[in-house]
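Both ligands and their constituent atoms are indexed starting at 1 by order of listing.
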Amino acid sequence: MVEMTTYDTNNIFAKVMRGEIPNTTVYEDDDVLSFMDIFPQSEGHTLVIPKNTQATNFLDIDPDTLAVLIQRTQKLATAVNNALNPDGIRIIQFNGEAAGQTVFHLHFHIIPAWTGCQMQPHSSNPADAVALQALADKIKVCL
Ligand code: 5GP
């Protein structure tokens with residue numbers, strides 16, 4: 001059974017939302033924050049997190065909050081698709097350490113894929129900050 005960890009108000013994404021850790025923002029509204037993953041699995045790897053919940057994973061979020069989050073994730077994925085023209089897009093979400101989750105504030109990954117290009121392993125190589133900003137700017141134009 002997936003362990004229901006208590007929400008840690010000092011998890012990385014809570015700190016990002018409070019502005020204690022910088023992020024390369026792609027989109028923000030009252031409900032969600034979307035920013036570039038600093039260890040991207042492919043060029044354009046974008047994260048979407050809900051702002052008004054302490055859900056650690058998919059199983060403990062209120063369904064109405066989840067509905068807004070998934071709608072915003074689709075909006076962001078569409079912008080990534082239009083901005084970067086990938087051959088495919090993975091929408092990924094991990095629940096529990098055993099599944100690969102490392103940050104315990106619910107989030108969706110939007111990971112563009114190109115035929116013949118191998119993805120980086122999860123949370124491996126840090127991206128160049130300037131390159132991340134350029135990608136975020138490209139995606140923002142398509143929102
Ligand atoms: P999870 O493993 O929990 O599904 O995903 C967490 C994601 O957050 C990973 O893809 C990892 O690369 C990313 N990440 C970890 N720390 C930071 C950070 O400080 N800033 C950003 N933008 N992403 C982070």
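Residues of the protein with a heavy atom under 4.0 Å from ligand 1 are Ile12, Phe13, Phe35, Met36, Asp37, Ile38, Phe39, Leu47, Phe94, Gly100, Gln101, Thr102, Val103, His107, His109, His122, Ser123, listed by chain and number.
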Enumerate donor-acceptor pairs with a distance under 3.5 Å from any side-chain N or O in residues 134-143 to protein atoms, sequence neighbours excluded.
residue : atom : partner : partner atom : Å
Asp137  : OD1  : Gln133  : NE2          : 3.0

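Among residue pairs with one or both ends in residues 74-99, none qualify as salt bridge (charged side-chain N to carboxylate O under 4.0 Å, His left out); sequence neighbours excluded. For residues 119-132, there are no salt bridge (charged side-chain N to carboxylate O under 4.0 Å, His left out) pairs, not counting sequence neighbours.
No option in Phe104, Tyr7, Phe35 other than Phe35 meets the ring pair (Phe, Tyr, Trp, His ring centres under 6.0 Å) test with Phe13.
Taking the side chain as every heavy atom from C-beta outward, Thr65 and Asn52 never approach each other to under 4.5 Å.
Using a 30° and 60° split on the angle between ring planes, His109 and His45 fall in the tilted class, from 30° to 60°.
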